[in-house]
Amino acid sequence: MRKKIVAGNWKMNTLPAEGVELAKGVAAGRGTVCPSVNFIVCPPFTHLSEVAAALKGSDIELGAQNCAAEAKGAYTGEVAASMIAALGCKYVILGHSERRQYYGETSETLNKKMEQAYANGLTPIYCVGENLAEREADKHFDVVKAQIEEVVYNLTAEQFKHLVIAYEPVWAIGTGKTATADQAQEIHAYIRKVLAAKFGEAADECPILYGGSCKPSNAAEIFAKQDVDGGLIGGAALKAEDFLAIGQGFSK
Ligand code: PEP
């Protein structure tokens, strides 16, 4: 049985006190969702500590939205994987399309970040996905294949056991446009096939999340698909009620 995951990417939103309130709201309502659904929240670096304290005693896990490619040293403004792990993070989002697009993250950088994540006991949530032009040119399969081959194929079999993939079509992120459940299933199944070509049966255990304007009204239909194991949620993760309602979308 693959893990079911609903992960919230808060991006650059909330002040620390607001983040604490949001986390408390998620923890307070958590009992309304089946215990087999794993909830993860990924606040900005600045509130990790306070949110970790607010989540104490709950089973909501903590993640960061990024980490540095280097272990430590003279890298002004960067935050090391060891630092976020020390604050209680279990996960780190890597390769989000906003990082690739606005901060020029390449597969080369991402390989280093993955290495840092594993060296510090973090599970990466590795994001892949095509932009609109690539989808319209029918290149989406090739794009995600390359994003996986260039980074995930460099993992050891042991590291691969601690990996979450998030498929996030860039055209669906924050736009209100969602991939249809069938589009999501088609590419999730393809991603699993690409993973299996390298890691064999272990690919059956890898959670593959859908991300891109996922909300309470569409989560159930998308999560019902065979190869969709949950969601990476942006905007709808900023309201505890909506975030929890997305978790309630699991029926399998
Ligand atoms: C995201 O950026 O990870 C995301 C899925 O955003 P949204 O849900 O707002 O589209």
Side-chain angles (χ1 to χ4, degrees), residues 4-14 18-19 22 26 37-45 47 51 60-67 84 89 91-105 110 113 117 122-132 134-135 140 143-144 147-148 151 163-181 183-185 187-188 191 207-223 225 227-250:
K4 300 170 192 170
I5 298 175
V6 177
N9 174 12
W10 296 3
K11 310 193 185 186
M12 198 171 70
N13 292 299
T14 70
E18 294 165 338
L22 176 54
V26 175
V37 177
N38 297 271
F39 281 103
I40 304 166
V41 294
C42 303
F45 290 134
H47 338 341
V51 169
I60 316 287
E61 296 183 293
L62 193 64
Q65 298 171 22
N66 183 26
C67 72
I84 60 177
C89 287
Y91 294 86
V92 60
I93 298 171
L94 291 178
H96 191 280
S97 60
E98 288 154 14
R99 302 285 324 166
R100 294 181 191 262
Q101 193 181 342
Y102 306 142
Y103 302 97
E105 287 198 357
L110 289 167
K113 292 188 176 200
L122 297 166
T123 293
I125 301 174
Y126 178 68
C127 303
V128 298
E130 79 286 355
N131 63 31
L132 185 61
E134 290 161 344
R135 166 66 65 161
H140 43 297
V143 170
V144 299
Q147 289 169 333
I148 291 170
V151 177
L163 176 72
V164 175
I165 300 268
Y167 166 67
E168 301 203 305
V170 180
W171 48 270
I173 295 180
T175 58
K177 280 187 201 157
T178 318
T180 65
Q183 280 174 324
Q185 169 57 25
I187 197 143
H188 279 229
I191 289 169
I208 305 177
L209 313 183
Y210 169 78
S213 298
C214 191
K215 44 189 182 265
S217 59
N218 59 26
E221 191 188 353
I222 298 171
F223 294 176
K225 293 292 178 185
D227 287 287
V228 180
D229 305 307
L232 179 55
I233 318 298
L238 295 173
K239 269 178 83 182
E241 210 187 348
D242 288 351
F243 189 55
L244 291 162
I246 287 172
Q248 285 156 358
F250 275 108

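For the single chain, residues carry numbers from 1 onward in sequence order. Counting convention: from 1, in listed order, for ligands and their atoms alike.
Only backbone heavy atoms of A172 (N, CA, C or O) come within less than 4.0 Å of ligand 1; its side chain stays farther off.
Nearest protein heavy-atom neighbour of atom 3 (O) of ligand 1: E168 OE2, 2.7 Å. Nearest protein heavy-atom contact of atom 9 (O) of ligand 1 is G235 N, 2.9 Å. Protein heavy atom closest to atom 2 (O) of ligand 1, with residue, atom name and distance, is K11 NZ, 2.5 Å. At the top of the distance list for atom 8 (O) of ligand 1, counting protein heavy atoms only, stands G234 N, 2.9 Å.
Side-chain contact check for I5 versus D229: every heavy-atom pair is 4.5 Å or farther apart. Side chains of E98 and Q65 form no contact here, defined as non-hydrogen atoms less than 4.5 Å apart.
Summarising the local packing, CD of E241 is surrounded by 12 or fewer heavy atoms from other residues, nucleotides or ligands at distances under 6.0 Å.
At least one N or O atom of H96, backbone or side chain, sits closer than 3.5 Å to an N or O atom of ligand 1. Considering backbone and side-chain N/O of I173, none are found under 3.5 Å from N/O of ligand 1. Looking at A236 next to ligand 1, no N or O pair under 3.5 Å apart turns up.
With respect to V51, the side-chain contact (heavy atoms from CB on, under 4.5 Å) criterion is satisfied by exactly one of V26, V41, I60: V41.
Counting the atoms of ligand 1 from 1 in the order shown, those under 4.0 Å from a heavy atom of G212 are 5 (C), 10 (O). Close contacts between ligand 1 and G174 involve ligand atoms 7 (P), 9 (O), 10 (O) [criterion: under 4.0 Å to a heavy atom].
The side-chain contact (heavy atoms from CB on, under 4.5 Å) search around S217 returns K215, not counting sequence neighbours. Every side-chain contact (heavy atoms from CB on, under 4.5 Å) that C89 has, sequence neighbours left out, goes to L48, L62, A64, I84, L122.
Between the side chains of E168 and H96, a donor-acceptor pair is found at a separation under 3.5 Å.
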